[in-house]
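Chain A is the first sequence line, chain B the second, and so forth, proteins listed ahead of strands; every chain is numbered from 1. Basis for what follows: all heavy atoms, side chains included, without hydrogens, waters or symmetry-related copies.
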2 protein chains.
Amino acid sequence: MKLTKKNTCSLCTDPCEIQSALLKTGRSIDEAKIFHAHFRKHDVICKQGKEVSHALFLVKGSAKLYVEGLNNRNIILYLLKPPAYIGLLSFFETPIYAYSVTALEDSEVCFIELDIVKKLYIESHDLLLCLNKAFGKSVANIMNKIISLNQKQIRGRIAENLIYLSDLNQSHKFYLNLTRKEFGEMAAISEENTVRLLSELARENIIGIKGREIEVLDMPLLKKISDVG
Amino acid sequence: MKLTKKNTCSLCTDPCEIQSALLKTGRSIDEAKIFHAHFRKHDVICKQGKEVSHALFLVKGSAKLYVEGLNNRNIILYLLKPPAYIGLLSFFETPIYAYSVTALEDSEVCFIELDIVKKLYIESHDLLLCLNKAFGKSVANIMNKIISLNQKQIRGRIAENLIYLSDLNQSHKFYLNLTRKEFGEMAAISEENTVRLLSELARENIIGIKGREIEVLDMPLLKKISDVG
DNA sequence: ATTAAACATTGTTGTAAATCAACTTTTTTT
DNA sequence: AAAAAAAGTTGATTTACAACAATGTTTAAT
């Protein structure tokens with residue numbers, strides 16, 4: 001991680017609500033001791049079990065949010081694309097992170113001192129509601145994930161995941177910046193079965209694969225496979 | 001559900017932080033339109049997919065919090081004993097419940113209008129921090145559950161669950177106010193396997209069972225089984 | 001008190017998916 | 001450019017667990 005002291009918030013193309021809350025409460029950006037950090041691919045942005053010290057906001061790049069399980073087996077809960085609060089689920093007074101986040105490509109993250117955020121969301125009604133809203137949405141997603149992981153079988157989970165990625169990229173054709181192993185970790189499937197199932201779906205012309213370039217060819221069928229389980 | 005208009009907050013033995021926040025901000029309990037409801041065993045307290053209209057606080061009894069999955073298969077995330085915020089994970093600006101809660105025994109629940117709570121947690125620093133803290137704790141629990149359900153096998157999950165219940169009841173010996181099926185739903189195990197495994201653990205003298213009366217006889221071993229997976 | 005319904009138990013079977021193993025291809029490092 | 005490491009692929013084997021079946025037991029309803 002490479003720190004940048006220079007405050008780039010004023011140049012930010014995708015300013016977070018924290019910034020507008022700052023200005024609204026008549027504070028300067030300097031006062032909030034905001035700084036930016038550059039993370040390279042594979043760098044850990046925040047680590048399960050470590051103390052939460054800052055609110056993190058993904059400005060550029062992308063990242064995976066995952067829980068570290070037994071014998072190095074992880075489960076990726078969702079991916080993050082800017083603008084996104086990284087530490088969201090853990091920054092409401094939880095002392096330690098309940099999950100980890102790692103950069104999938106070179107990324108930029110904005111760090112805001114937690115104390116400032118706490119003060120802010122007491123003063124700023126809007127910020128509070130906004131954060132809580134995002135928070136609740138994450139929880140709903142996770143609930144859905146619990147069901148999916150436990151009650152769908154791998155074909156359904158793979159299909160669901162492909163739909164998720166297609167939505168995230170807002171296109172039926174997208175570049176997968178995940179390894180097959182990581183793709184599997186999104187659906188709690190072994191690497192081998194992930195490859196197998198992807199090839200199978202390709203053979204059936206439901207999707208097209210060329211390396212990490214994926215195209216959903218038959219979305220209705222994919223949705224059906226996902227829904228059936 | 002049987003409503004009680006009479007405001008019993010002043011008699012409450014286990015008052016919630018909402019009440020103290022009310023008083024601190026100079027409001028009367030009447031103003032908050034608080035009412036109590038009595039739920040009988042098996043009554044649904046809040047229902048997945050329905051709109052969130054009140055903050056719910058469990059005052060008496062106990063309940064199970066679960067996500068409703070595919071073809072009537074549920075997963076119980078945790079049990080609630082007073083004092084506990086029931087709707088916690090869903091009342092931060094999420095319009096609908098992401099889960100359901102059902103009474104395990106005759107229970108009393110306090111209803112507080114959501115609008116009031118929102119106003120309150122803007123005014124009351126303490127309430128906000130307190131709710132968020134509880135919230136974060138729930139999230140951490142759920143993360144743990146995801147790992148456990150996916151990466152431990154049934155013996156480990158049963159053991160973990162027995163430890164959880166033992167902790168919850170603060171005793172190695174406790175009455176299970178769940179059916180075997182529900183016990184299984186806590187660990188995503190079929191009813192049959194739940195019975196089988198419980199009997200097995202009893203045969204090995206790790207636990208003692210007499211109907212729904214359960215006693216953990218060898219906690220260290222049970223912990224080991226849970227940790228191994 | 002009698003019947004019905006829900007609950008609990010045990011053995012057996014089928015199968016989804018992890019694991020193992022061997023191999024190829026791609027990417028990164030020096 | 002060569003070597004090493006990481007990523008991707010495929011088939012064979014094993015296994016954990018759900019589903020089914022059959023039967024006993026307790027609880028609730030009339």
Separation of atom CG in Asn177(B) from atom C1' in dC7(C), rounded to whole Å: 16 Å
Nearest to the side chain of Glu192(A), which nucleotide is it out of dA18(D), dT19(C), dT10(C)? dT19(C)
Between Leu79(B) and Tyr164(B), which heavy-atom pair has the shortest distance, and what is it? N-OH, 3.0 Å
Interatomic distance where CD belongs to Glu185(B) and P belongs to dA18(D) [whole Å]: 12 Å
I need the CZ-C1' distance between Arg73(B) and dA19(D), as an integer number of Å. 10 Å
Could you state the CD-P distance from Gln151(B) to dA16(D), rounded to the nearest angstrom? 16 Å
Reckon Ser190(B) has a side-chain N or O less than 4.0 Å from the OP1 or OP2 of dA19(D)? no
If you take all heavy atoms of Met143(B) and Ile142(A), which pair is closest and at what distance? CE-CD1, 3.9 Å
Any N or O donor-acceptor pair under 3.5 Å from the base of dA17(C) to the side chain of Asn193(A)? no
Rounded to the nearest angstrom, tell me the gap between atom CG in Asn150(B) and atom P in dC17(D). 12 Å
When only distance counts, do a donor and an acceptor, one from the side chain of Arg196(A) and one from the base of dG8(D), lie under 3.5 Å apart? no
Starting the side chain at C-beta, find the nucleotide from dA17(C), dT10(C), dT9(D) nearest to Arg157(A). dA17(C)
So for atom CD, which belongs to Glu51(A), do other residues, nucleotides or ligands contribute more than 12 heavy atoms lying within a distance under 6.0 Å? no
If you pin Ala188(B) and Lys41(B) to their nearest nucleotides in DNA chain D, which one's is more 5'? Ala188(B)
Around atom NZ of Lys152(A), are there more than 12 heavy atoms of other residues, nucleotides or ligands at under 6.0 Å? yes
Round to the nearest Å and state the distance from Leu176(A) atom CG to dT26(C) atom P. 17 Å
Measure the distance from CG on Leu149(A) to C1' on dA17(C) and round it to the nearest whole Å. 14 Å
Would you mind reading off the distance between Leu178(B) atom CG and dA6(C) atom C1', rounded to a whole angstrom? 16 Å
Which part of the nucleic acid, if any, lies within contact of Arg212(A), taking any heavy atom under 4.0 Å across all strands shown: a base, the sugar-phosphate backbone alone, or nothing? sugar-phosphate
Considering heavy-atom distances to DNA chain D, does His42(A) or Arg155(B) have its closest nucleotide positioned more toward the 5' end? His42(A)
Distance in Å, Tyr66(A) OH paired with Ile147(B) CD1, rounded so as to fall on 0.5 Å steps: 11.5 Å
Side chain of Gln153(A) - closest among dA21(C), dA16(C), dA18(C): dA16(C)
Among dT9(D), dA16(D), dA12(D), which is the nearest nucleotide to the side chain of Glu191(A)? dT9(D)
Distance check: side-chain N/O of Thr179(B) vs OP1/OP2 of dA6(C), anything under 4.0 Å? no
